[in-house]
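The structure presented is a predicted model; accordingly, all values stated were derived computationally and were not measured.
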Amino acid sequence: TTKQVETATLEEMLAVERFHRGEAGPAIEDFRNARLRFTSAQRVLREASVAGVGSLDSLTDLEHQFQFIAGGMFGIVDSLSKYGNIKHPSRIFELSRSHKQVMSSLDKVRLQLLAFLSAVELGSKKQSLNKQKEIDSVIRGVRVLLVLLAVAAMGITLFVWLIVERKVSEPIESLVAEAKVVDTGKLQ
């Protein structure tokens, strides 16, 4: 999911860059699609409880900053296209400088986002490791219980066998003893 967030953000940045190059229609559509993918991935992150609520709120703040900066970028590019003639060189210079500031701000937000995503991935790995340790502990406990059950079953089986043998062998031994005592001549 963090990769989806990262990909969506990079697609938004590429859309801004395409817009800057003059591909306004497709760039805006790509920007909207990337924004939808970002929102969807962010929702998955919230539902998965991988990151804390504060962290996800920070992610939302970063995205809002990005949207604000990108919106400013769209405005600057639009203004540059309007004033793109020689009659307004001071306005073009001002807009070009603003464009550089916007691109620098986009890079800063992107770096913050990448740092956030790395922290989320690290937290997710730690959480996964803790869950795996819990699962391993439960598995060991089940194994011990199974061994104890097997030992108990063998003990019960041995006890039952001894009782059955005693109930069967005593009457047979008493019959054999009586048979030895009885005179076979009298029986005939």
Donor-acceptor pairs under 3.5 Å, side chain of residues 132-142 to any protein atom, not counting sequence neighbours: which ones?
{"unit_1": "Gln132", "atom_1": "NE2", "unit_2": "Asp136", "atom_2": "OD1", "d": "3.1"}

Side-chain donor/acceptor pairs under 3.5 Å, residues 148-165, sequence neighbours excluded:
{"unit_1": "Thr157", "atom_1": "OG1", "unit_2": "Ala153", "atom_2": "O", "d": "2.7"}

Side chains of residues 24-37: which donor-acceptor partners sit under 3.5 Å, not counting sequence neighbours?
{"unit_1": "Asp30", "atom_1": "OD2", "unit_2": "Arg18", "atom_2": "NH1", "d": "2.1"}
{"unit_1": "Asn33", "atom_1": "ND2", "unit_2": "Glu29", "atom_2": "O", "d": "3.4"}
{"unit_1": "Arg35", "atom_1": "NH1", "unit_2": "Glu63", "atom_2": "OE2", "d": "3.0"}
{"unit_1": "Arg37", "atom_1": "NE", "unit_2": "Glu11", "atom_2": "OE1", "d": "2.9"}
{"unit_1": "Arg37", "atom_1": "NH2", "unit_2": "Glu11", "atom_2": "OE1", "d": "2.3"}

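Alongside Leu129, the hydrophobic cluster contains no other residue (criterion: ILVMFWY side chains under 4.5 Å). Its side chain outside the 4.5 Å cluster rule for every partner, Leu111 clusters with none of the Ile, Leu, Val, Met, Phe, Trp and Tyr residues.
Annotation: side-chain hydrogen bond (donor to acceptor under 3.5 Å, both in side chains) contacts of Arg166 (sequence neighbours excluded): Glu170.
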